[in-house]
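Written below as structure tokens is the structure these notes are about.
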Amino acid sequence: MPFPKIAEVRELSDEELASEIVRVKRELLDLRILKGAGRMEKPHLFKHGRHRLSQLLTIEKERELAKQAEAAQEAEATTEVESNPVETVENPE
């Protein structure tokens, strides 16, 4: 079973991403429970689950940082406009 591709994760919406993170965390919990009970049949699924979770969390963090950068740029543009108002020159006639 090959590892899932990160391109697949990038296509998910924010809501789908959040639900997928919860699903994978739950899957890893279930695997730990099976391992503790001694009924673990496919130990390689731990590695696949951790890999998938790291992909999901990486994309979530990238999106979070992109939103912060966008907000900072908007705030900077707003501040720049406010700090440099147009000066009017009166005619001394």
Side-chain angles (χ1 to χ4, degrees):
M1 179 176 173
F3 285 123
K5 303 294 182 207
I6 199 160
E8 298 170 2
V9 178
R10 291 187 195 281
E11 296 172 0
L12 298 175
S13 69
D14 289 342
E15 295 81 24
E16 291 172 332
L17 186 66
S19 66
E20 186 72 11
I21 289 171
V22 170
R23 186 190 67 75
V24 172
K25 284 183 176 183
R26 179 67 183 177
E27 187 177 293
L28 287 170
L29 174 67
D30 291 342
L31 288 171
R32 283 193 300 273
I33 290 170
L34 285 174
K35 183 179 179 185
R39 298 184 304 152
M40 189 72 191
E41 295 178 10
K42 300 178 180 180
H44 70 281
L45 293 179
F46 276 112
K47 186 174 184 178
H48 286 278
R50 287 193 313 267
H51 182 81
R52 181 69 171 177
L53 183 60
S54 68
Q55 288 178 329
L56 294 166
L57 293 174
T58 298
I59 298 303
E60 183 180 53
K61 186 67 171 179
E62 284 177 356
R63 290 181 184 179
E64 180 183 315
L65 292 174
K67 287 179 184 177
Q68 288 177 356
E70 183 179 301
Q73 286 178 348
E74 288 177 7
E76 183 179 305
T78 304
T79 306
E80 186 176 300
V81 169
E82 290 175 358
S83 65
N84 295 326
V86 177
E87 296 181 20
T88 57
V89 177
E90 297 181 22
N91 288 334
E93 297 179 16

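Throughout, numbering of the chain's residues begins at 1 and tracks the sequence.
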Working to the nearest 0.5 angstrom, can you tell me the gap between [X] [atom1] and [Y] [atom2]?
X   : Y   : atom1 : atom2 : value
E62 : L57 : CD    : CG    : 11.5 Å
K25 : R50 : NZ    : CZ    : 15.0 Å
Q73 : T78 : CD    : OG1   : 11.5 Å
L53 : H48 : CG    : NE2   : 14.5 Å
E11 : I59 : CD    : CD1   : 11.0 Å
Q55 : E20 : CD    : CD    : 10.0 Å

Charged N to carboxylate O below 4.0 Å: is that the case for E70 and K67?
no
Non-hydrogen atoms of [X] and [Y] that approach each other most closely:
X   : Y   : value
F46 : L28 : O-CD2, 3.9 Å
L17 : R63 : CD2-NH1, 3.9 Å
E16 : S19 : O-OG, 2.9 Å

What's the verdict on salt bridge (charged side-chain N to carboxylate O under 4.0 Å, His left out) for E64 and K61, showing C-alpha distance, side-chain angles and the deciding distance?
CA-CA 5 Å; E64 180 183 315; K61 186 67 171 179; 3.7 Å; yes
Full working for salt bridge (charged side-chain N to carboxylate O under 4.0 Å, His left out) between E27 and R52
CA-CA 11 Å; E27 187 177 293; R52 181 69 171 177; over 6 Å; no
More than 12 heavy atoms of other residues, nucleotides or ligands under 6.0 Å from CZ of R26: is that the case?
no
Close side-chain approach of L31 to K35, heavy-atom, < 4.5 Å:
no
Check: V9 and T58 side chains under 4.5 Å, non-hydrogen atoms:
no
Quick one: do I6 and L56 end up in the same hydrophobic cluster if we chain Ile, Leu, Val, Met, Phe, Trp and Tyr together by side-chain heavy atoms under 4.5 Å apart?
yes
